[in-house]
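Reminder, nothing fancy here: chain letters follow the sequence lines and each chain counts from 1. In this text the structure is predicted, and so the values were computed from the model without any measurement.
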Amino acid sequence: MAKEYNFREIEQKWHRLWTERQTYKVSEDERREKFYVLNMFPYPSGAGLHVGHPLGYIASDIYARYKRQQGFNVLNPMGYDAYGLPAEQYAIKTGQHPEKTTFANIDRYREQLDKIGFSFDWDREVRTCTPDYYHWTQWAFEKMFNSYFDEELQKAQPIEKLIEKLKKEGNWPADEKAQSDLLMNYRIAFLGETMVNWCPKLGTVLANDEVVEGVSVRGGYPVEQKKMRQWCLRVSAYSQRLLDGLDTIDWSESIKETQRNWIGRSEGAEIEIPYSLSGETAGSFTIFTTRADTMFGVTFFVLAPESELVDKVTTPEQRAAVDEYLKYVKSRTERERMIDHTVTGVFSGAYGINPITGDKCPIYIAEYVLAGYGTGAIMAVPAHDSRDYAFAKHFGLPIIPLVEGADVSEESYDAKEGIVINSPISPDKSVKYDGECLCLNGLTIKEAIAETKRFVKAHNLGRVKVNYRLRDAIFSRQRYWGEPFPVYYKHGIPTMIPEECLPIELPQVEKFLPTETGEPPLGNAQIWAWDEKNRKIVDKKLIDEAAGIYPIELYTMPGFAGSSAYYLRYMDPHNSEALVSDRAASYWQNVDLYVGGSEHATGHLIYSRFWNKFLFDLGVSKKEEPFKKLVNQGMIQGRSNFVYRIKETNTFVSFGLKDKYDVTPIHVDVNIVKNDILDLDAFKAWSPEYATADFILEDGKYVCGWAIEKMSKSMYNVVNPDMIVENYGADTLRLYEMFLGPVEQSKPWDTNGIDGCFRFLKKLWALYWDKDGNLALTDDEPSADSLKTLHKLIKKVTGDIEAFSYNTSISAFMVAVNELSQQKCSSRTVLQTLPVLISPFAPHIAEELWEALGGEGSVCDARWPQYDEKYLVETSVKLGVQFNGKVRFDMLFPADATPEQMIELATSAPEAAKYLEGMQVVKTIAIPKRIVNIVVKPKA
RNA sequence: GCGCUUGUGGUGGAAUUGGUAGACACGCCAGACUUAGGAUCUGGUGCCGAGAGGCGUGUAAGUUCGAGUCUUAUCAGGCGUACCA
């Protein structure tokens, strides 16, 4: 009996041995070059892993193992993003503590992950919800609170430096409350009164990236705008650095572009606009524009409804109309505002004075202007902005074209190219400043923008300004299951609990819902007051300002708090003195390869970069950018199967015959379908309803229909990796996940093809054993063919791993194993190299073979082989000779033939003669090792 | 609307970066061994055509001796974003 490929035995054995031998333990080793591979850590959901989750882990595990075999000291850690909404909502429903469900889920994840054979160093596991981890989340928050962003240095500085500066300038108030309020305008973590995305259904605020199309990403509940006092992070201060950094990292162009758009840098000008009420000058406001060149086309101004100026510019006559409009705007949800772009607005009664033309233009209030961007006020140029155009048409306001040849009778001309006209329309329409007046006529738009900026600056009418779309991140949540803030309120002033007293542990509560008085869930905590003198947390009944016992913050931190710097913690996960020791940070530097989904482009991947830049300013992180190379793995979609029930019956008709009947398609569990053929007995057993089902078959089989949909329980298309491992083994799963297609590409999971990978492993296994089950190995010199096969394979696989093209390297393995098997190769030289090459992809079988062959230690530490070109040289090359008439034949050229010799050989070949007869050669082209082209035409 | 991205057999996908399109795998067909097979092995399999041959990389043009690959236009799908002045 030949030796069987018993994957169960092999995989169990090696899981045991890897643990016993601590094969995957890594430590800092300055003598070796480091390589840091990282996956976005998962949120441990109750549903467990499906077959899509491990995709990225497998891809990076392959790379990590490969790098290790190349001699690098590889850090490849794993952990859990453990704070999150589902656990809390489950807790609200069942009363079970979220920690309990979270830890149970983590155990399940771990069990599933362990089956797949990753090279993670589990000693470095982190969980964002454990105190020894969130200690450093709180610590970073305190550092941000105690820092400000120095615009000149473009980096974070200690807040004391700012206080000194303010004192020197005489701007330091005496009152403590005033001091606190003043500093809040500068701190990187600050308490701010801002418009927030409030989700009433979830009872919490959400960050911009947590809201899509006006509803919450989690749960899909409506979101409204609300003004609230919240903790915020001054991410916007880092806008320019976040933008510049993109040019230094190896990320896909599309993700970088998404971040550039999200940061949204726009260069423009801020211009002061004086306004008059009832004919008298009453003050001024500032507008922002990127089209300073269109100042001569301004016919009205618009303020955002939420702007503080609204109140000031409203005249008594317009008061009622304005109030009504504001009421209307408030009644609209964010979602309505997004979808419905009908023109609305109201006249304020005031007029703004265009400083360039001196014209008085009406000031309107309209919701199409956003309070959060620029100054919340704009100058409207209907001729060259489609939104202003629609507004002007609706309210019958004048439209002045400013570009030569632009027809603005039907729509605005928004393009930024052309020659400027009507600027000014007549010489008296340009106000003189210090004897100079602006004239843009005849300039290109680009020139006109520059000229206007110069003019505005020179005469102090405004300033050149860069605006960013990126907004500060709202950092507090009204939830229980998150990091508590290390903050107490001393006489209403937010104060940090001293760093030495961290971590502040999440208190126990009876109920996870908000309190009856509307406080966040932490309001239910009893032991939740800060005793300043004794530096400890005490019962909140003891709160007594005179005794120095104060209330602690009830908000908790958002999901991205714990996930923003976790890669640093992996470097030194058990350090209780620091987030990461200087030695570990200096050694591991930053992540060389980061793998994860592209859905985090505007969330985690921005916050993480921001957080790291801040820690870099502090000297904690050693690199400005946290992730050198990013690979975005695609999503795995589900492939659903359908059966077709004839209406009003319990009879099911096969796919090919369904059009003959009136049928209803029904989702059927993909796990009882194989190659689209339904397992009839399993189907009857699947649900009592189908126990008595009848079938109309084709060719004795029931064929199911299929569709590509999201992988979800309700569509019965969830494929569990455990099942695959059970039936085929982890190595087959790993191979097949990679074989499915490029890692970056989204694709449906289809278990149908998996047999191919399983067969391949069996063939590989069979290469090593004779029919009696003994090692079939000789010390003979390998044949030239075998050496060529081997070196071709090494070359291909090495190149493919570097290029992240795993599907093609697996194909190459399949070809190579087929070739070696045909060559009946039993040479030790060749067969000993093969396990090393395959081990990143299929580590278990590789270890087993490596051991059987008497290899030393683990195959993980075997050196990655080098290929030798000399085995790849062809002795002769078979080439096509191509004529322009699409006629071709094959012939052999010597490998070292020059192009001239190739042409000579081709034209004089007997096969060529018949094509050349009666023709004259126009041109000959030879591509070495490829092809000869002979262009002929009939002789005149 | 804007930005990014992808279109190749029945299916997943290859193509040395401008050089024999469809590697490899699934599926399918035929055969072998079998009491049996959702096991294993061998051969075939882009489409049309009996055949010689013709046609083929979403569509249409272009550059080139030569285009899946480059250029332009166009169509279709996917992702992101949305009144950002």
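Closest contact between the side chain of M814(A) and the listed nucleotides C24(B), A85(B), A14(B) involves C24(B). Considering only side-chain atoms of T808(A), the nucleotide from C24(B), A82(B), A15(B) that sits closest is A15(B). Listed candidates were A23(B), A85(B), U81(B). Nearest to the side chain of S811(A) is A23(B). Set against A25(B), G3(B), A85(B), the side chain of E257(A) has G3(B) as its closest nucleotide.
Taking atom C1' in both U57(B) and A39(B), the straight-line distance is 38 Å, to the nearest Å. With P as the reference atom, C29(B) and G46(B) are 16 Å apart, rounded to whole Å. For the C1' atom pair drawn from C75(B) and A60(B), the interatomic distance equals 10 Å after rounding to whole Å. Only the C1' atoms considered, C65(B) is 23 Å distant from U72(B), to the nearest whole Å. Nucleotides U42(B) and A76(B) are separated by 43 Å at their C1' atoms, to the nearest Å. Comparing the P positions of G80(B) and U11(B) gives a spacing of 26 Å, expressed to the nearest Å. Distance check on atom C1': G19(B) versus A67(B) gives 10 Å, rounded to whole Å. Straight-line distance between the C1' atoms of G43(B) and C33(B): roughly 15 Å, to the nearest whole Å.
The backbone N or O of G264(A) lies less than 3.5 Å from no partner atom in the side chain of N261(A), so there is not a single donor-acceptor pair. Between the side chain of S654(A) and the main chain of Y702(A), no donor-acceptor pair closer than 3.5 Å is present.
Look at R260(A) and E253(A) and you find a salt bridge, because one of the NZ, NE, NH1 or NH2 atoms lies within 4.0 Å of a carboxylate O, short of that distance.
Atoms CZ (F841(A)) and P (C24(B)) sit 18 Å apart, rounded to a whole Å. We find that CD1 of I606(A) is positioned 16 Å from P of G80(B), with the value rounded to whole Å. In this structure, F739(A) places its CZ atom 7 Å from P of A25(B), rounding to the nearest Å. Put simply, OH on Y368(A) is 17 Å from C1' on G1(B), counting in whole angstrom units. Rounding to whole angstrom units, CZ of residue R265(A) and P of U81(B) are separated by 23 Å. Rounding to whole angstrom units, OH of residue Y806(A) and P of A14(B) are separated by 15 Å. Atom C1' of nucleotide G10(B) and atom CZ of R639(A) are separated by 11 Å, given to the nearest angstrom. Nucleotide C83(B) holds its C1' atom 12 Å from the CZ atom of R469(A), rounded to whole Å.
Residue contacts shown for N752(A) are limited to sugar-phosphate atoms, with no base heavy atom under 4.0 Å away. Using a 4.0 Å heavy-atom cutoff across all strands shown, P748(A) reaches no nucleic acid atom at all. Residue contacts for K763(A): at a heavy-atom cut-off of 4.0 Å it reaches the sugar-phosphate backbone alone, with no base atom in range. As judged by a 4.0 angstrom heavy-atom cut-off over every strand, Q745(A) is placed among residues touching the sugar-phosphate backbone only. Note on I378(A): a base of the nucleic acid sits closer than 4.0 angstrom, heavy atoms only. At the heavy-atom level, R260(A) lies nowhere under 4.0 Å from the strands shown. Among the atoms of the strands shown, base atoms are found under 4.0 Å from some heavy atom of V369(A).
The side-chain hydrogen bond (donor to acceptor under 3.5 Å, both in side chains) pairs that include a residue from residues 759-768 of chain A number zero, where partners must be two or more places apart or lie in different chains.
Cation-pi geometry between R469(A) and W262(A) is met: under 6.0 angstrom from the ring centre, within 45 degrees of the axis.
Of the listed residues (T344(A), T342(A), D388(A)), just one forms a side-chain hydrogen bond (donor to acceptor under 3.5 Å, both in side chains) with Y368(A), and that residue is D388(A). Of the listed residues (L246(A), L630(A), D247(A), D250(A)), just one forms a side chain to side chain contact (heavy atoms under 4.5 Å, CB included) with K256(A), and that residue is L246(A).
When each of L370(A) and R759(A) is assigned the nucleotide of RNA chain B bearing its nearest heavy atom, the one mapping closer to the 5' terminus is R759(A). Take the nearest nucleotide of RNA chain B for D388(A) and for E253(A): the residue whose nucleotide is more 5' is E253(A).
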Base-pair map of RNA chain B as dot-bracket, where | denotes pairing with a different strand and pairs are Watson-Crick or G-U under 3.5 Å: (((((((..(((......[....)))((((((.......))))))(((....)))..(((((..]....))))))))))))....
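The closest side-chain donor-acceptor pair between T808(A) and S805(A) falls under 3.5 angstrom. The closest side-chain donor-acceptor pair between S266(A) and N467(A), if any, does not fall under 3.5 angstrom.
OP1 or OP2 of U40(B) lies within a sub-4.0 Å distance of a side-chain N or O belonging to K762(A). When the side-chain nitrogen and oxygen atoms of N261(A) are compared with OP1 and OP2 of G80(B), none of them lie within a distance under 4.0 Å.
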